[in-house]
Amino acid sequence: MFEPLSPRNELISECEGLGLDGRAPNNWRDTYSDAQLRAAIVWLDEIGTVADQLIAAAATSPEMEASITHQLAGGRKPSEILADLERAPGALG
């Protein structure tokens, strides 16, 4: 039987599930305090997952949907597409 996670490991697990790995320094698990982890969870809940954000962007226009779909089919990572959107909104193609 598995041991339950410690409260800190529960916070870390939730942050991992919400995608903090791609948005924080590599050593966040060791350096973030519990308060910082809780704040990150709130922030990540507010912005949504990468998938949520791509779906919202794709819904803005048929052209944006086609661009995102084409890039995903071409093997680009969703996080890369989202990073492009954040750097230059409307510049995908």
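Any value given below was found using the heavy atoms of this structure, including those in side chains, with hydrogens, waters and symmetry copies removed.
In this structure, the separation between CG on Leu72 and CG on Leu54 is 6.5 Å, given to the nearest 0.5 Å. Considering CD1 of Ile68 and CD of Glu63, their distance stands at 11.5 Å, rounded to 0.5 Å. Atom CG of Leu11 sits about 11.0 Å away from atom CD of Glu16, to the nearest 0.5 Å.
Under the 4.5 Å side-chain criterion, counting only non-hydrogen atoms from C-beta, Gln36 is in contact with Ser33. Under the 4.5 Å side-chain criterion, counting only non-hydrogen atoms from C-beta, Val42 is not in contact with Arg38. Residues Asp84 and Arg76 are in side-chain contact: their nearest non-hydrogen atoms beyond the backbone lie under 4.5 Å apart.
Residues Trp43 and Ile41 are members of one and the same hydrophobic cluster, defined by side-chain heavy-atom contacts under 4.5 angstrom among Ile, Leu, Val, Met, Phe, Trp and Tyr. Using a 4.5 Å cut-off between side-chain heavy atoms of Ile, Leu, Val, Met, Phe, Trp and Tyr, with links allowed through other members, Trp28 and Ile47 fall into the same hydrophobic cluster. By the rule that hydrophobic residues join a cluster once side-chain heavy atoms approach within less than 4.5 Å of another member, Val50 and Leu44 end up as members of separate clusters. Tracing side-chain contacts under 4.5 Å through hydrophobic residues (I, L, V, M, F, W, Y), one reaches Leu82 starting from Met64; they form part of the same cluster.
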Please report, to 0.1 Å, the donor-acceptor pairs under 3.5 Å made by any side chain of residues 1-8, with sequence neighbours excluded.
| unit_1 | atom_1 | unit_2 | atom_2 | d |
| --- | --- | --- | --- | --- |
| Ser6 | OG | Asn9 | N | 3.1 |
| Ser6 | OG | Asn9 | ND2 | 3.4 |
| Arg8 | NH1 | Tyr32 | O | 3.2 |
| Arg8 | NH1 | Asp34 | OD1 | 2.6 |
| Arg8 | NH2 | Arg29 | O | 2.8 |
| Arg8 | NH2 | Tyr32 | O | 2.7 |

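Counting non-hydrogen atoms of other residues, nucleotides and ligands closer than 6.0 Å to CG of Asn27 gives a total above 12.
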| request: Carefully, step by step, assess Ser67 and Gln71 under the rule side chain to side chain donor-acceptor pair (under 3.5 Å). | output: CA-CA 6 Å; Ser67 175; Gln71 292 181 65; 3.1 Å; yes
